[in-house]
Every structure is written in structure tokens, then in C-alpha cells.
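Atom set for the values below is all heavy atoms of this structure, side chains included, hydrogens, waters and symmetry mates excluded. Not measured: the values here are computed from a predicted model.
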Amino acid sequence: MPATVEGPDFIALQMKDVPAAAAFFEERLGLRRAPVSPPHAVVFATSPIPFAVREPLPDTDLDGAARPGLGVALWLRTTDAAALREQLVAAGTPDVTPLQDSPFGPTFSFSGPEGYRLTVHGG
């Protein structure tokens, strides 16, 4: 029987300013750091899939990208999308969209660190 993939097991966004990106995810979204991270990254204690921000990989030019992650949809789950949206708006987070219904619960999108487009759903 051939080997198969079970699904995503780790997600990391490459960032030019890892400390600023980590602070955004901690302060605005409430993520908590995992007990251990490699020196070039900050790993968060997210479940079921670990999430991290990390320095760019060799030969990755983030300055040349129109928007980092273009074409990738990264959705984050929350217990209260409406409350989180209001928190992000109050904190001055750019490009927060209106809350809308979806098959996955209420959703909205916003521009995160360094221009990554993120979507939140749930609650």
C-alpha cells in the first residue's frame, strides 16, 4: 500500500519581523507561545495544528511579493467571531471586513502582520 498524507500538521508564516508578528498574534488574537521554539521562530500552542511565525527561508524574497501568502487561505477558529472582530477594529487592525454568515459560522477577514490576509470563523 502506498504512503498517504493524513493532512496538515504544522503551519508557519514567514515574516521579516518575527518579534512584531509574534506580538500581534499574542496581543490581538490571544495566542500563547509553546514552551519551546527554535531560535528562528515563535511557535504557538494552538490546537489541533501548531502554528508559528518564522524568519524567511533562504532564497525567499518577501519584499518582492505583492502580498505574502497570496493564493493561500488561512482560517483561524475562535469561540466568538463578533467579539474578536470588534477587538481587532478597536485596536486599529487594517482591512477588517464586516461579519458575515458562512457554513462555518460567522466569519470575517483582516490584514495581519506584513500583509498576510487572514480569515476568522466560529462562535
Val36 side chain near Val43 side chain, heavy-atom distance below 4.5 Å: no
- prompt: Is the closest side-chain heavy-atom distance between Arg85 and Val120 below 4.5 Å?
  reply: no
message: I need the Trp75 CH2 to Thr107 OG1 distance, nearest 0.5 Å.
response: 5.0 Å
query: Under a 4.5 Å cut-off applied to non-hydrogen side-chain atoms, are Gln87 and Asp80 in contact?
result: no
- request: Indicate yes or no for a side-chain donor-acceptor contact from Arg117 to the backbone of Gly69 under 3.5 Å, with no hydrogens or angles considered.
  value: no
- prompt: Is the shortest heavy-atom distance from the side chain of Leu29 to the side chain of Leu88 under 4.5 Å?
  reply: yes
field: Flag side-chain contact, heavy atom, 4.5 Å: Arg77 against Phe104
entry: no
task: Name all residues meeting the side-chain contact (heavy atoms from CB on, under 4.5 Å) criterion together with Glu55; count only those two or more places apart in sequence or in a different chain, and write none if there are none.
output: Val18, His40
query: Is Arg28 reaching over with its side chain to a backbone N or O of Ala91, donor-acceptor style, under 3.5 angstrom?
result: yes
- request: Just jot down the salt bridge (charged side-chain N to carboxylate O under 4.0 Å, His left out) partners of Glu26, sequence neighbours excluded, or say none.
  value: Arg33
task: Tell me, please, which residues at least two apart from Thr46 pass side-chain contact (heavy atoms from CB on, under 4.5 Å).
output: Leu31, Phe44, Phe51
task: Look up atom CG in Asp61 and atom CD in Gln14, then write down how far apart they are to the nearest 0.5 Å.
output: 11.0 Å
query: Are any of the side-chain heavy atoms of Leu13 and Phe25 separated by less than 4.5 Å?
result: yes
